[in-house]
Structure formats: C-alpha cells, structure tokens
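Below: one structure, written as structure tokens.
All values reported here derive from a predicted model rather than from experimental measurement. Side chains included, hydrogens not; waters and symmetry mates left out as well; all remaining heavy atoms used. Atoms within each ligand, like the ligands themselves, are counted from 1 in listed order.
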Amino acid sequence: MIIVMNAPTADQIKRVLDKLTQTGLEAHYLHSCGRTIVTAIGDATDCNAAQYERMPGVDRVLSIVTPFKLVSRDFRTENTIVQVEDVCFGGTYIPVIAGPCAVESYEQFRDSALAVKKAGAKLLRGGAYKPRTSPYSFQGLEQEGLEILKTVSREVGLPIVTEVTDPRAVERMADQVNMLQIGARNMQNYVLLKEVAKTNKPVLLKRGLAATIEEWLMAAEYIMAGGNDKIVLCERGIRTFESYTRNTLDLNAVPVVKELSHLPIIVDPSHGTGSWRWVGPMAKAALGAGADGLIIEVHPDPEEAASDGPQSLTPANFCHLMQELSLLASALSRKTT
Ligand code: PEP
Ligand code: MN
C-alpha cells in the first residue's frame with residue numbers, strides 16, 4: 001500500500017506511521033516534490049484504505065496488491081506511447097483507425113481506404129479472418145484478404161491493423177501487417193496472448209464481451225509479461241441487459257483504465273453501439289472521456305456489407321464526423337489529424 005500525503009506536518013506523518021505499525025505493517029516514508037510518500041509493506045488485506053484516506057494530510061491511498069503489475073501505473077507512472085509506423089497512441093494526437101469490418105474484395109477495400117484516408121484516418125482496419133458467431137456467416141477472405149490488405153496499404157499509404165484469431169498464424173501475420181488485433185472473443189485466449197507477446201508488433205487488445213476491467217488488464221499483463229509492451233487497449237462495449245443497442249459502450253472504462261494503467265486506450269463506437277446512427281455521438285463522447293484514439297467501421301456501400309453493415313458509416317458520414325472530431329479535439333487541446 002502507498003499513502004500519498006500532500007505537504008503534511010511532521011505530526012500528520014507520525015499519526016499515519018503509527019497507525020500502520022499498529023496494524024503490523026512495516027512503514028517507511030520519503031519526501032518528493034512537496035509530497036510525502038508512505039509505503040506500507042506486509043499483508044495489507046486487513047487494512048481499510050478509506051480510513052487512511054480520511055486522515056489529515058493524506059491525499060490518496062494506492063494499493064500495489066493489484067493482480068496486474070507491469071501494466072499498472074505503480075510500475076510505470078508516465079503514459080506509454082505506442083507507435084505504429086509514424087502514428088502514436090497515448091500522446092497529444094488522437095489517431096482514428098477506420099475501414100470496413102471485413103475485406104470483401106480488392107475494389108471494396110481500396111475504395112474504403114481511399115475514402116478514410118481522404119477524411120483523415122491514420123490507420124486502416126479490415127478483417128481477413130473473421131470470428132463469427134455463426135459458422136454459416138462470412139468467415140473472411142483469409143490469406144487472399146491479407147494480400148488485399150497489403151496491396152491496398154502500399155497503394156494508399158496507410159498502415160494496417162487486422163485481427164489474428166489463431167496462435168499458429170501469429171508469426172506469419174506479424175510479418176505482414178503493422179498492428180495485430182486481438183478481438184473481443186479472444187481476449188482471454190491465453191495461448192494467443194502469449195504468441196503475440198513474442199512478436200515485436202503493436203497489439204490492439206479489445207475488451208472481452210463480458211470482461212471486467214481487471215480481467216482485461218490481466219490479459220494485457222500476459223502480453224507485457226511475455227515481453228511486448230506495445231499494447232493499445234480498446235473499449236468496444238460489453239454485454240448488459242440493454243437490447244436497443246448491440247453492446248453497452250462502457251465509457252467509464254476510459255478514465256478508470258487511464259488511472260490504473262499507463263497503456264493507451266481507444267474506443268470502438270461501431271461495435272459499442274451496433275448502429276451507424278449512434279457512432280458519431282459516442283465517438284464524440286469517447287473523446288470527451290479522454291480516449292487516445294478511435295476505431296470506426298466505414299463501408300463504401302453499408303447495405304451490401306458482408307458483415308456489420310448496420311453499424312458502418314458511409315464515406316460521406318465518416319468525413320463529416322472527422323470534421324466534428326477535429327473541432328472537438330482542438331477544444332480538448334488535442335488533435336485528430
Ligand atoms: C471487429 O473489429 O470487426 C470485431 C470483430 O470486433 P470485436 O472483436 O470487438 O467484436
Ligand atoms: Mn465488425
């Protein structure tokens with residue numbers, strides 16, 4: 001447990017130290033930038049952090065008994081900047097990733113890519129391997145889709161992020177794409193997490209459909225413990241009793257994760273809402289909540305999309321949204337392009 005005290009008196013420090021030692025904990029303190037940091041070592045499970053928070057001079061109490069260590073702010077206080085080619089997540093810029101849910105053909109993907117680049121997107125998305133609820137739904141173009149992704153990425157000049165679903169494909173895919181996406185359904189596929197950890201590729205780790213923030217950070221911990229700290233977290237909505245929307249976009253997760261972890265967090269309002277009509281409002285809300293980026297589905301002809309058409313923006317709607325986001329970002333002293 002760490003107790004941060006703001007300009008405390010000697011007596012206030014003594015009261016905190018005495019209380020800790022009475023509980024059987026070993027207490028130490030140090031002064032840093034006008035603050036006093038008291039560390040308590042030992043089994044703090046019986047300690048009531050709230051009691052310390054109420055003591056005079058105490059600013060806040062941090063527990064380092066979190067199950068996640070490397071991804072925690074206790075381990076690294078400054079924000080981690082994850083760089084994908086020349087695009088940075090976690091700094092002043094708020095990059096927008098856009099593209100169709102799935103790669104369907106060269107023409108469909110090229111048209112999507114040209115449209116999203118023109119509107120200001122910095123990374124291109126598109127699934128070649130699609131984890132679908134039904135085995136009878138479109139499963140993606142697989143290797144052919146990957147070839148289209150690479151060709152269009154080269155032609156249009158945007159880096160690509162695409163989902164990897166199979167641990168055996170990680171090494172092969174890491175050589176071909178700029179960022180690997182772990183989808184919501186695979187967030188707790190630990191074999192897959194350990195494989196992406198071995199690569200040096202940036203990873204977009206989506207939150208599981210029913211995962212708590214702690215479980216999600218533990219999934220990130222697997223990747224970081226395996227040697228890869230290039231992790232961008234992505235809130236994409238969770239399952240709740242609400243059925244008007246496809247998922248419930250948990251924007252609470254943005255400030256909570258930013259407090260708990262040094263990793264950047266972006267938001268996916270497309271899967272988070274399930275309808276193109278609500279993508280814009282929730283994208284703007286995500287920026288207000290402090291998101292470090294967005295991932296948005298855009299299709300040249302959403303009505304004909306092989307997957308996720310109802311939540312895909314048309315290029316014109318995306319372009320309009322990007323203009324609104326740019327204005328909003330500057331009001332927040334940040335930038336989208
Ligand atoms: C996707 O990005 O198209 C996708 C399948 O997302 P999720 O894993 O969040 O459902
Ligand atoms: Mn999708």
| note | Closest heavy-atom approach to atom 3 (O) of ligand 1 among Arg132, Arg125, Glu163 is made by Arg125
| message | Between the side chains of Asp308 and Arg132, is the shortest nitrogen-to-carboxylate-oxygen separation below 4.0 Å, so that they form an ion pair? | response | no
| request: Restricting to N/O/S, name the atom of Asp308 that gets closest to the Mn ion (ligand 2). | output: OD2
| said: Check this for me, if you would: do Asp292 and Lys258 make a salt bridge, where the nitrogen-to-carboxylate-oxygen distance has to be below 4.0 angstrom? | reply: yes
| task | From the options Val16, Ile3, Ile13, select the one residue that forms a side chain to side chain contact (heavy atoms under 4.5 Å, CB included) with Tyr29. | result | Ile13
| query | Is there a path of hydrophobic side-chain contacts, each under 4.5 Å between heavy atoms of I, L, V, M, F, W or Y residues, that connects Val71 with Leu193? | reply | yes
| request: Check ligand 1 against Glu297 and write out every atom of the ligand that is under 4.0 Å from a heavy-atom position of the residue. | output: 3 (O)
| said: Using a plain distance cutoff, I'd like to know if Lys206 has any nitrogen or oxygen under 3.5 Å from a nitrogen or oxygen of ligand 1. | reply: yes
| said: Does any part of the side chain of Lys118, heavy atoms only, come nearer than 4.5 Å to the side chain of Pro315, both counted from C-beta? | reply: no
| request: Indicate yes or no: does an N/O atom of Asp308 lie under 3.5 Å from an N/O atom of ligand 1? | output: no
| So which protein heavy atom does atom 9 (O) of ligand 1 come closest to, and at what separation? | Arg236 NE, 2.7 Å
| query | Could Arg110 and Glu107 be called an ion pair, given the rule that one side-chain N must be under 4.0 Å from one carboxylate O? | reply | no
| message | With a cutoff of 4.0 Å, is Cys101 in contact with ligand 1, counting heavy atoms of the residue only? | response | yes
| Which atoms of ligand 1 sit under 4.0 Å from any heavy atom of Gly183? | 8 (O)
| task | Indicate yes or no: does Asp250 engage Arg236 in a salt bridge with an N to O separation below 4.0 Å. | result | no
| task | Give the name of the N/O/S atom in Glu297 that lies closest to the Mn ion (ligand 2). | result | OE2
| message | Taking the basic N atoms (NZ, or NE/NH1/NH2) and the acidic carboxylate oxygens, is any pair closer than 4.0 Å for Arg15 and Asp11? | response | no
| Closest approach of any protein heavy atom to atom 8 (O) of ligand 1, naming residue and atom | Ala184 N, 2.7 Å
| Is the shortest distance from a heavy atom of Lys130 to ligand 1 less than 4.0 Å? | yes
| Against heavy atoms of Gln181, which atoms of ligand 1 measure under 4.0 Å? | 1 (C), 2 (O)
| said: Return the closest protein heavy atom for atom 4 (C) of ligand 1 as residue, atom name and distance. | reply: His271 NE2, 3.4 Å
| query | Transitively linked via ILVMFWY side-chain contacts under 4.5 Å: Phe109 with Val298? | reply | yes
